[in-house]
Trainee: 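Structure provided below as structure tokens; questions to follow.
Counting starts at 1 for both ligands and their atoms, following the listed order. Hydrogens, waters and symmetry mates are skipped; everything else that's a heavy atom, side chains included, is used.
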Amino acid sequence: MTIKNAIACLLTLTNIALMNAAHAQQKRLVVDADHIIAPIQPTMWGVFFEDINFGADGGLYAELVKNRSFEFTKPLMGWKTGGARLAEGSVLVVKGDNPKNPHYIRVTAADGGLWLTNEGFRGMGIKQDVRYSFSVMYRQTQPGIKLHVTLIDPQGKALGGAGLSPEGMGWQKDTVSFIAGRTEPRASLKLDIEGAGQIDLDMISLFPGDTWKNRPGGLRSDMVQWLADMKPGFIRFPGGCIVEGFNLDNRYQWKKTVGPVEDRQVEINRWNIEFAHRPTPDYFQTHGLGFFEYFQLAEDIGAEPLPILNCGMACQFNSAELAPIDDIAPYIQDALDLVEFANGDTTTTWGKLRASMGHPASFHLHMMGVGNENWGPQYIERLKMFTRALKTRYPDVRLVNSSGTDPEGNRYDFLNDTLRAMHADLIDEHYYRKPEWFFANARRYDNYPRSPSHVFAGEYAAQSDHTVSVDNQNCWLTALSEAAFMTGLERNAAVVSMASYAPLFANADAWQWTPDLIWVNSLQSYGTPDYYVQQLFSLNKGKAVVPLTLDGQSVAGQDSLYATACLDERDLIIKVVNASRAQATRVITVDTRKRLGPGTLTVLQSDDLNAVNSFDQPARVAPREMPFIPKGRTLTLAMRPYSLNVVRVPLQ
Ligand code: AHR
């Protein structure tokens with residue numbers, strides 16, 4: 001954390017403490033456990049996934065070879081060629097006639113002495129004793145070449161490898177596997193060309209065997225585990241601005257991401273060129289993690305799938321290209337076809353494709369977003385056309401609509417008013433703001449109209465410095481401020497149906513945007529303090545909100561406390577944030593006809609608001625659970641400074 005950030009943190013908390021000094025004498029907290037205010041939707045706490053910060057390629061998608069199909073703008077980016085017999089023309093990039101995957105390389109050898117290496121995504125993370133599966137598509141034009149694949153460390157020492165003898169004519173796919181003898185975070189793949197002949201190579205690929213659910217060509221298991229451990233109510237994908245693209249050609253098109261991986265069109269990632277201060281020229285989307293895999297991931301982690309589709313508008317911060325209204329039909333058709341792909345009978349065109357990919361059963365799509373951070377009357381005009389078509393054909397699919405980029409201002413006011421007048425199902429609000437904003441907005445929804453539209457807090461993260469600053473940190477202050485704000489979301493579950501922190505993942509060696517919920521490198525991953533806040537809220541979601549008051553008022557800043565209470569089938573769950581630097585002991589009276597049993601107290605805390613987690617100290621700020629015993633119908637809660645406290649006691 002920079003000095004600037006540290007001072008900002010201190011000022012924030014000092015202000016809050018002063019603001020609340022007047023309330024310091026008020027101490028009576030009461031939970032009315034027999035009086036339900038509102039149900040809490042199962043979707044309340046979810047996750048937002050976007051391919052930003054190498055979140056998909058180089059992240060969740062476990063492929064280790066970068067530019068496996070030679071489709072980057074520079075077709076040999078990530079690759080090196082060499083060897084004693086390397087000559088002009090030994091390795092050529094050829095453009096073939098498959099429009100989805102046009103490029104391959106043609107290798108000509110007289111007597112071996114040639115090699116290619118691939119550097120992976122800032123080095124390949126290789127684990128001892130794990131089996132690696134190498135695959136390649138080849139076409140022998142002059143048979144006689146054999147291939148030998150080796151994983152090597154930065155000094156060129158072998159970690160494991162295997163040979164492959166091409167057979168047959170025409171394009172073929174072959175796979176060999178081997179076990180790595182050593183762990184190495186920055187390995188590369190070496191492909192030795194042996195013998196004499198000519199061969200075309202494409203889709204040169206390497207996957208670890210220990211993917212999530214051991215699926216071939218699957219996802220990185222440690223990263224999925226972080227999501228599964230949150231038990232999220234939904235997963236939003238594929239973004240974010242990536243949905244919009246920097247222009248319409250670059251927009252995310254789900255149909256290009258399904259079917260055999262070799263036929264999924266590679267697309268430049270919009271974050272490749274977004275920030276001059278964080279250039280990532282090697283950032284592309286293979287779409288190996290495509291819409292089928294997103295739906296499958298949602299199913300695996302028990303989350304409702306929430307795809308967001310382009311509405312005929314490119315990113316309004318970039319080209320702001322618009323599809324003319326007369327040309328909008330294909331965009332709407334993509335949305336209609338997506339419902340068929342997810343839910344349709346296997347006799348339908350898109351349902352059949354889903355079945356052919358290994359999932360005949362429905363993915364149970366119930367929600368879809370139209371547009372990401374789009375705004376203005378042009379958005380409304382297009383949205384109305386999408387809504388008419390989707391609601392006519394699929395009246396039960398709930399639609400998420402954009403309220404733009406900011407939680408206030410003219411654009412927001414226009415969209416919020418217009419969308420409510422249109423009876424939008426869900427309005428997506430985004431808040432990238434300072435921690436002070438999050439503390440100050442714990443009451444944002446207290447007086448919001450409860451109908452006709454519900455709120456989806458679709459992207460939020462406290463910025464310790466400012467939005468898109470490289471100095472932003474996932475420190476304990478940001479997490480604590482989000483926890484305070486989230487008590488307000490939960491208390492207002494009558495209008496807030498969904499919420500997700502954004503962005504989700506960042507590769508520490510290749511990020512563009514910070515803060516992020518979970519950080520990874522080639523071998524490790526850790527959850528930030530913000531992650532643990534999200535996890536605690538999600539694991540303690542409850543089914544219905546009950547009143548928790550301090551002298552008759554909801555608790556949103558008095559005495560530096562922020563609190564909410566809810567019930568699930570069995571338990572009363574109370575979440576209290578103590579944002580003061582002093583310990584706070586409070587007696588909470590529970591009004592109920594039932595008896596309170598012994599339960600647990602989970603505490604997320606640090607005395608240091610600047611504390612961060614890291615690869616070396618992944619659990620510096622992490623939850624600690626302890627037994628908690630009520631006395632009759634009172635709970636005495638001794639809250640440590642700067643803490644989130646979650647009490648869970650059975651009602652018997
Ligand atoms: O989360 C990062 C970006 O922030 C998203 O892509 C966009 O929707 C928002 O501006």
Trainee: Can any side-chain N or O of Q285 pair as donor or acceptor with the backbone N or O of H287 at less than 3.5 Å?
Mentor: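 Checking the backbone N and O of H287 against the side chain of Q285, no donor-acceptor pair under 3.5 Å is found.
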Trainee: With heavy-atom distances below 4.0 Å as the criterion, list the atoms of ligand 1 near N372.
Mentor: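 Near N372, the atoms of ligand 1 are 7 (C), 8 (O).
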Trainee: Looking at Y412, I'd like to know if the NZ or CZ of R433 sits under 6.0 Å from its six-membered ring centre while staying within 45 degrees of the ring's axis.
Mentor: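 No, R433 does not lie over the aromatic ring of Y412.
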Trainee: Would you mind listing which atoms of ligand 1 come within a distance below 4.0 Å of any non-hydrogen atom of W271?
Mentor: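 That gives atoms 6 (O) of ligand 1.
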Trainee: Going by distance alone, is a donor N or O of one side chain under 3.5 Å from an acceptor N or O of the other, for N101 and R264?
Mentor: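 The criterion, which ignores hydrogens and geometry beyond distance, is not satisfied for R264 and N101.
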Trainee: Heavy atoms, side chains only, cut-off 4.5 Å: are S402 and Y379 in contact?
Mentor: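 S402 reaches Y379 side chain to side chain.
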Trainee: Hey, is ligand 1 close enough to C241 that some N/O pair sits below 3.5 Å?
Mentor: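 Checking ligand 1 against C241, an N or O pair does fall under 3.5 Å apart.
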Trainee: Can you list the steps and then say if W513 with E274 is a side chain to side chain donor-acceptor pair (under 3.5 Å)?
Mentor: CA-CA 10 Å; W513 180 294; E274 182 70 20; over 6 Å; no
Trainee: Distance from Y283 atom OH to F121 atom CZ, nearest 0.5 Å?
Mentor: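 The CZ atom of F121 is 9.5 Å from OH of Y283, to the nearest 0.5 Å.
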Trainee: Please state whether G239 comes within less than 4.0 angstrom of ligand 1, counting heavy atoms only.
Mentor: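 For ligand 1, residue contact (heavy atoms, under 4.0 Å) with G239 is absent.
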Trainee: Which of the numbered atoms in ligand 1 are under 4.0 angstrom from any heavy atom belonging to E373?
Mentor: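 Matching atoms, with element in brackets: 7 (C), 8 (O), 9 (C), 10 (O).
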Trainee: How far is atom 8 (O) of ligand 1 from the closest protein heavy atom, and which atom is that?
Mentor: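 For atom 8 (O) of ligand 1, the nearest protein heavy atom comes out as E459 OE2, 2.7 Å.
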Trainee: Looking only at protein heavy atoms, which one is nearest to atom 1 (O) of ligand 1, and what is the separation?
Mentor: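 Going by distance alone, atom 1 (O) of ligand 1 is nearest to Y432 OH, 2.7 Å.
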Trainee: Considering only protein heavy atoms, which is closest to atom 6 (O) of ligand 1, and at what distance to one decimal place?
Mentor: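 Here the nearest protein heavy atom works out to E50 OE1, 2.5 Å.
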